[in-house]
Amino acid sequence: MGRVQRDRLTIRRTATGYWVVQRGAVQLAGALTREAAEAERELLERLHNRNRRRSRLPGRAPSRI
């Protein structure tokens, strides 16, 4: 409960008409259309959630190939 909430991913349009996905002041992805930027944001959120789930899994022994 005492965790600091991470900044949300936001979409904004630059002065040149390019759409960017940002977390705070950091630009994480960009696209030519808003729809494409929204798809990028969804992908970044899914990847973030996936990494959070994986970090909670108990450690496994490395596979031998």
Side-chain angles (χ1 to χ4, degrees):
M1 265 211 202
R3 300 169 102 182
V4 175
Q5 177 135 357
R6 66 182 174 95
D7 291 335
R8 292 178 43 104
L9 292 176
T10 58
I11 296 174
R12 75 174 184 87
R13 192 170 191 184
T14 65
T16 60
Y18 195 66
W19 293 90
V20 293
V21 180
Q22 313 182 232
R23 176 171 285 129
V26 180
Q27 295 180 358
L28 302 172
L32 295 175
T33 64
R34 181 170 181 91
E35 292 79 16
E38 289 170 354
E40 290 287 335
R41 177 176 59 185
E42 290 174 16
L43 174 62
L44 289 168
E45 288 174 343
R46 282 197 324 262
L47 289 172
H48 177 77
N49 291 337
R50 179 178 181 225
N51 287 337
R52 286 182 51 197
R53 281 194 311 268
R54 290 186 71 187
S55 69
R56 293 183 195 155
L57 294 176
R60 297 187 304 182
S63 62
R64 295 182 186 228
I65 297 178

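Every heavy atom of this structure was used, including side-chain atoms; hydrogens, water molecules and symmetry mates were not.
- Partners of Arg13 under the side chain to side chain donor-acceptor pair (under 3.5 Å) rule, at least two apart in sequence or in another chain, do not exist in this structure.
- Arg8 CZ to Glu45 CD: the interatomic distance, rounded to the nearest 0.5 Å, is 7.5 Å.
- Closest of all the heavy-atom pairs between Ala37 and Ala31 is N-CB, 3.5 Å.
- Hydrophobic clustering (ILVMFWY, side-chain heavy atoms < 4.5 Å, transitive): Leu43 and Val20 are in distinct clusters.
- Evaluation of the side-chain hydrogen bond (donor to acceptor under 3.5 Å, both in side chains) test over residues 30-40, restricted to residues two or more places apart or in two chains, returns Arg34-Glu38.
- Summarising the geometry, atom CG belonging to Leu32 is positioned 6.0 Å from atom OH belonging to Tyr18; distances are rounded to the nearest 0.5 Å.
- Hydrophobic clustering of Ile, Leu, Val, Met, Phe, Trp and Tyr side chains at less than 4.5 Å, counting indirect connections, unites Trp19 with Val26.
- His48 contributes atom NE2, which lies 8.5 Å from atom CG of Leu9 (distance to the nearest 0.5 angstrom).
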